Amino acid sequence: QVQLVESGGGSIQTGESLKLSCTASGGTDSRLCVAWFRQAPGKEGKEVVAAIYRGTDRKYYPGYLRGRFPISQDKTENTVYLQMNNLTPEDTGMYYCAAADRAGYCPDLYERNFAFWGQGTQVTVSS
């Protein structure tokens with residue numbers, strides 16, 4: 001069983017940056033794919049914003065974000081970070097850390113492929 005705890009959300013202005021943290025416990029670190037998803041207000045479903053395979057440090061990004069949200073990890077702290085830059089009101093939402101236990105690489109980056117979830121952290125960007 002993997003437990004995930006997110007932190008770092010908050011309310012900020014357009015153009016500012018924010019760094020989210022996800023600390024994992026349990027499971028085998030080298031087999032974990034950790035991803036950040038977000039859910040916009042009033043929308044069903046979550047979209048992925050970045051993922052990292054902890055064993056190889058391979059990173060995955062969706063094209064629409066154009067590299068604004070780099071993902072990184074600190075293996076000694078069992079923590080995955082999401083650096084969010086140049087934020088706009090369209091980035092407002094609940095951000096979730098999720099993990100999948102898988103050998104070699106991340107699964108297709110859909111909610112249904114991730115078994116473990118954190119409680120979420122709210123990000124609100126004002127214009």
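These values consider heavy atoms only, across backbone and side chains, with no hydrogens, waters or symmetry-generated copies. Nothing here was measured: the structure is a model prediction, and the numbers come from that model.
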Open item on the list: Which residues end up grouped with Leu18 if you chain together Ile, Leu, Val, Met, Phe, Trp and Tyr wherever their side-chain heavy atoms are less than 4.5 Å apart?
Closed with: Val2, Leu4, Ile12, Leu20, Leu32, Val34, Trp36, Val49, Ile52, Tyr61, Tyr64, Leu65, Phe69, Ile71, Val80, Leu82, Met84, Leu87, Tyr95, Phe116, Val123, Val125

TODO: Mind jotting down which residue pairs meet the disulfide bond (SG atoms under 2.5 Å apart) criterion with at least one end in residues 25-105? Sequence neighbours excluded, please.
DONE: Cys22-Cys97, Cys33-Cys106

Task: Under the salt bridge (Lys or Arg N to Asp or Glu O under 4.0 Å) test, residues paired with Asp74 that sit two or more places apart - done: none

- [ ] Please report the shortest heavy-atom distance between Gln122 and Thr92, naming the atom on each side.
- [x] NE2-CG2, 4.1 Å

Open item on the list: Does anything in residues 109-123 form a salt bridge (Lys or Arg N to Asp or Glu O under 4.0 Å)? List the pairs, not counting sequence neighbours.
Closed with: Lys46-Glu111

Task: Closest heavy-atom pair and its distance - Ala51, Ala35 - done: CB-CB, 3.7 Å

Task: Partner residues of Arg58 under the salt bridge (Lys or Arg N to Asp or Glu O under 4.0 Å) criterion, sequence neighbours left out - done: none

TODO: For residues 7-27, pull every pair meeting ring-ring contact (aromatic ring centres under 6.0 Å, His included), keeping only residues two or more places apart or in separate chains.
DONE: none

- [ ] Could you list all the salt bridge (Lys or Arg N to Asp or Glu O under 4.0 Å) pairs where at least one residue sits in residues 101-110, not counting sequence neighbours?
- [x] Arg31-Asp101

TODO: Taking ring pair (Phe, Tyr, Trp, His ring centres under 6.0 Å) as the test, write out the residues that go with Phe37, two or more places apart.
DONE: Phe114, Trp117

- [ ] Hey, could you give me each pair passing disulfide bond (SG atoms under 2.5 Å apart) that has a residue in residues 57-90? Not counting sequence neighbours.
- [x] none

Task: Minimum heavy-atom distance between Gly67 and Pro70, given as atom pair plus value - done: O-CD, 3.8 Å

TODO: For residues 13-27, pull every pair meeting side chain to side chain donor-acceptor pair (under 3.5 Å), keeping only residues two or more places apart or in separate chains.
DONE: Gln3-Ser25, Ser17-Asn85, Thr23-Thr79

Open item on the list: For Gln119, is there any backbone N or O sitting under 3.5 Å from a side-chain donor or acceptor partner on Glu6?
Closed with: yes

Open item on the list: I'd like to know if the side chain of Gln1 reaches the main chain of Gly26, judged simply by a donor and an acceptor atom lying under 3.5 Å from each other, with no hydrogens or angles considered.
Closed with: no

Open item on the list: List the residues meeting salt bridge (Lys or Arg N to Asp or Glu O under 4.0 Å) with Arg38, not counting sequence neighbours, and say none if there are none.
Closed with: Glu47, Asp91

- [ ] Could I get the full list of salt bridge (Lys or Arg N to Asp or Glu O under 4.0 Å) partners for Lys59, not counting sequence neighbours?
- [x] Asp57

